[in-house]
Enquirer: 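One structure is given below, represented as structure tokens, and several questions about it will come after.
What you see below is based on every heavy atom in this structure, not just the backbone, and it leaves out hydrogens, waters and symmetry mates. Note on naming: letters A, B, ... go to the chains in the order of the sequence lines (proteins, then strands), and numbering restarts at 1 for each one.
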Protein chains: 2
Amino acid sequence: MLKADRTAKILAHVTEAGSADVHALAELLGVSTATVRRDLQELHDQGLLHRTRGGAVTGTVNLELPLRHRHGKRQAEKRRIALAAERLVPEGAVVGLTGGTTTSELARVLAERGGVTIVTNAVNIAADLIVRPEIRLVVVGGIARSASYELVGPAAERMLSQYHLDVAFIGVDGLTAGEGCTTHDEMEAHTDQAFLRSASRCVVLADSSKVGLVTFAAICPLTDIHDLVTDDGLTGAQEKAVTGCGVRVLRA
Amino acid sequence: MLKADRTAKILAHVTEAGSADVHALAELLGVSTATVRRDLQELHDQGLLHRTRGGAVTGTVNLELPLRHRHGKRQAEKRRIALAAERLVPEGAVVGLTGGTTTSELARVLAERGGVTIVTNAVNIAADLIVRPEIRLVVVGGIARSASYELVGPAAERMLSQYHLDVAFIGVDGLTAGEGCTTHDEMEAHTDQAFLRSASRCVVLADSSKVGLVTFAAICPLTDIHDLVTDDGLTGAQEKAVTGCGVRVLRA
DNA sequence: CGCGCGTCGATCGAAATTGTTCGCTGTGCC
DNA sequence: GGCACAGCGAACAATTTCGATCGACGCGCG
């Protein structure tokens, strides 16, 4: 039996019955439980079903997006950056979050703390947070970009212009003293600008590998930024260049 | 038995009877009272029921279950309804989808077909579809409702008013000839209205258990609806009442 | 033939779940 | 108030399941 056939059968079985357990599937398909587990893992990663202990349930409402970049080795650093950034958020604040792995991590940290309002254009953050009634969540609409899980475009910017954010956290792909903050996509950059315009305080989240890089689309000059939260991989020269633009640097 | 199944059964039992005691649940499910207690604790933490000494009672009058507990035996019917509804969507159409399990199923069907633009206010649908670059996805922003995974409020309605939809699919909680379409939440109903206003064609998706029910908030009279897609569980009298309002009935 | 590649089954330690037992607390009854 | 008792939470042990790793097998290719 081909692997593709098997996974298709598993999926059919799960969606039909609403759930299935590992042993029954193994027997049904004539393979070992280890194989079933691997298949379920794979289907779960693709968001096609939801894995539970002992089996799986229908994935019709699976909110866990596989963030492809999430399992990178910088994960621990991003978490530390998020924990440092969280200290910039006062109780009851309205917080803006753009898309990105680091901002997603910050969203999780804030969700555990609770007591804030989060405004975001990132679908994965929205999916993460919507199950938490203890935080207020506002999602900025727009056209979906599958590459970054973000909602962008004029609608998003119009909607953002109607809100006031106490602090906006921006994830960037590149950051230099000369070119300022840059990202890979122009629409994204434009929507990020709308976040900055609506916010009293602008904070950039970027691990140290981004510093010194210039990517395609410009978001803003460094002088528009109040704080940069990063890890401790910055060289002295890099830090000096950034602080020279009036940006406060926070090391996680 | 999977844990997810067990908690779903507990919830079903409690909401059906209004209350339940630990021993009865333990016997019914074939597990120990300790396990039932732990499950009840968990459900209570999620605010899905109210724990009492000796058992549990329904948390609120108008209980609306989170979607993750609704994957039930009606799953197959929802899928059939979705497949029937898909035939109403011409190639290249702009399709509006509100929240709900049936509309989510339709979203999956449309995603596999591709070639359409989907406008939705449901976060779970957005999360499902954003990984599919072959369809255009527009998410309507707004305030997040964790009970239904929908984005609602004035921002959502303003944004919808700027779009034109070829066909809008609405998921409802109740449908009668007298009261029209109804749902559990007023904000949701209001946002649903915005979908209807923007659409050339209005289609309601509802399995037959919804027909004849009236819930809290009115969406629209039946005369505003062009089609109803449902399963084959409708009585003749029910169908006649619906068609009498000028609604075409499609059975999956 | 040898080799790399992907897949499968088996094994083992780690983690989660469950049932049991134990005090402790709340409730009803005298 | 005191008592009996059911229900509760916590701790513990037994079982199940998971994840990672290893070796085996089939297959294509040079």
Enquirer: What distance separates A:Asp231 CG from A:Ser209 OG, expressed to the nearest 0.5 Å?
Expert: 7.5 Å

Enquirer: What's the verdict on side chain to side chain contact (heavy atoms under 4.5 Å, CB included) for B:Ile118 and B:Val138, showing C-alpha distance, side-chain angles and the deciding distance?
Expert: CA-CA 6 Å; B:Ile118 291 183; B:Val138 176; over 6 Å; no

Enquirer: To the nearest Å, give me how far apart CG (A:Leu25) and P (C:dG9) are.
Expert: 14 Å

Enquirer: At less than 4.0 Å, is any side-chain N or O atom of B:Ser32 found next to OP1 or OP2 of C:dT18? Yes or no.
Expert: no

Enquirer: Between A:Ser104 and A:Thr101, is any side-chain donor less than 3.5 angstrom from a side-chain acceptor?
Expert: no

Enquirer: Quick check on C:dC8: is either OP1 or OP2 less than 4.0 Å from any side-chain nitrogen or oxygen of A:Arg6?
Expert: yes

Enquirer: Supply the atom-to-atom distance A:Asp192 CG to A:Ile219 CD1, rounded to the nearest 0.5 angstrom.
Expert: 4.5 Å

Enquirer: I'd like to know if B:Glu105 and B:Arg79 make a salt bridge, using a cut-off of under 4.0 Å between side-chain N and carboxylate O.
Expert: yes

Enquirer: In Å, rounded to the nearest 0.5 Å, how long is the span from CG of B:Leu43 to CG of B:Leu49?
Expert: 5.0 Å

Enquirer: Would you say the side chains of A:Thr215 and A:Thr183 form a donor-acceptor pair under 3.5 Å?
Expert: no

Enquirer: Can you build the contact string for nucleotides 20-27 of chain D? Use B for base contact, S for sugar-phosphate-only contact, and - for no protein heavy atom under 4.0 Å.
Expert: -B------

Enquirer: Regarding A:Lys3 and A:Glu42, does a basic nitrogen lie under 4.0 Å from an acidic carboxylate oxygen?
Expert: yes

Enquirer: To the nearest Å, how far apart are A:Gln41 CD and C:dT7 P?
Expert: 15 Å

Enquirer: For B:Leu40 and D:dG9, give me the distance from atom CG to atom C1', rounded to whole Å.
Expert: 14 Å

Enquirer: Taking N or O atoms only and anything under 3.5 Å, show me the protein contacts with nucleotides 2-7 of chain D, one pair per line.
Expert:
from: D:dG7; atom 1: OP2; to: B:His23; atom 2: NE2; distance (Å): 2.7
from: D:dG7; atom 1: O3'; to: B:Gly54; atom 2: N; distance (Å): 3.2

